[in-house]
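A short worksheet on the structure shown next.
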Amino acid sequence: MITHIGAEPGQIADRVLLPGDPLRAQWIAETYLDDPVCYSTVRNMLGYTGEFQGTRVSVQGTGMGQPSLSIYAHELMAEYGVQTLVRVGSCGALRPEVKVRDLVVALSTSTDSGMNRHRFEGIDYSPTADFDLLSVLVEECRRTDADVHVGQVASWDVFYSDRPDLRDRLTEYGVLAIEMEAAALYTLAAKHGRRAAAVCTVSDSLVTGDETSAQERERTFSSMIEATLAAIIRA
Ligand code: HPA
């Protein structure tokens with residue numbers, strides 16, 4: 001039963017980029033892929049397949065947060081046989097050395113989400129990236145002119161949180177940045193025996209209050225997408 005992605009079997013490549021925003025999926029496909037074809041418009045959560053330097057690649061919007069991403073990631077792996085998934089998103093810096101416009105590559109994640117509490121009950125499972133995929137992604141990110149940080153991120157369910165103290169505790173333990181999806185992606189990829197990684201541009205700093213302008217966000221986002229496409233066809 002496929003209920004959220006309207007593609008026919010075979011329409012989705014085995015390597016997929018996952019932006020949260022469906023219009024970013026459209027922009028990535030139309031800017032970087034040869035012969036992009038839109039395979040799904042269900043709920044306007046756009047998905048495209050095309051070629052990047054001769055290799056088939058898809059781009060699928062996931063929406064925001066772990067419940068939404070989980071629906072798309074599950075269906076991509078369980079119904080369409082996707083093997084390699086890279087989230088391309090944005091994050092907020094939690095530590096002073098992480099500046100706006102930098103790239104954060106998520107090695108592992110901590111989360112406040114109920115999703116893995118439901119799945120694992122009392123066990124603290126550690127959602128972790130695929131090492132080989134992450135290594136290639138880090139290599140390609142380091143070719144850009146952005147500063148690259150590799151480490152743990154927080155995948156938070158609550159954007160407008162009433163509990164900044166919990167975030168601060170993670171910061172004390174070295175967590176670099178906060179976003180809302182990577183933990184679910186890494187957990188589901190592990191469950192399905194597939195490979196996943198995530199890279200985020202730093203859109204704002206919870207340390208300094210700095211924010212990127214729309215123009216800066218676009219420039220760093222482009223570098224991140226170019227690095228991710230280069231990595232996903234190599235990995
Ligand atoms: N919280 C969660 N996700 C984010 C943030 C944030 O502050 N900034 C950018 N993505």
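No experiment lies behind these values; they were computed from the predicted model shown. First listed ligand is number 1; within each ligand, the first listed atom is number 1.
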Quiz item: Of the backbone atoms (N, CA, C, O) and the side-chain heavy atoms from C-beta on, which set of Ser203 has a member under 4.0 Å from an atom of ligand 1: side chain, backbone, both, or neither?
Solution: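 It is the side chain that gets close, since no backbone atom is under 4.0 Å.
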Quiz item: Any idea which part of Trp156 is under 4.0 Å from ligand 1, heavy-atom wise: side chain, backbone, both or neither?
Solution: neither
Quiz prompt | Contacting atoms of ligand 1, where contact means under 4.0 angstrom from a heavy atom of Ser90 | solution = 10 (N)
Quiz item: In ligand 1, which numbered atoms sit nearer than 4.0 Å to a non-hydrogen atom of Met180?
Solution: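 Those qualifying, in numeric order: 2 (C), 3 (N).
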Closest protein heavy atom (residue, atom, distance) for [atom]:
| atom | value |
| --- | --- |
| atom 8 (N) of ligand 1 | Asp204 OD1, 2.9 Å |
| atom 7 (O) of ligand 1 | Leu206 CD1, 3.5 Å |
| atom 1 (N) of ligand 1 | Ile178 CG2, 3.6 Å |

Can you see whether [X] engages [Y] through a side-chain donor-acceptor pair at a distance of less than 3.5 angstrom?
| X | Y | value |
| --- | --- | --- |
| Thr212 | Arg217 | yes |
| Gln66 | Ser155 | no |
| Gln60 | Tyr39 | yes |

Practice problem: Write down the atom of Ala182, the atom of Ala198, and the distance for their closest heavy-atom approach. | Solution: CB-CB, 4.2 Å
Exercise. Indicate the ring-plane relationship of Phe221 and Trp27, choosing parallel, tilted or perpendicular according to the 30° and 60° boundaries.
Key: tilted
Quiz item: Under 4.0 Å between a Lys/Arg side-chain N and an Asp/Glu carboxylate O for Arg169 and Glu172?
Solution: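 Yes, Arg169 and Glu172 are salt-bridged.
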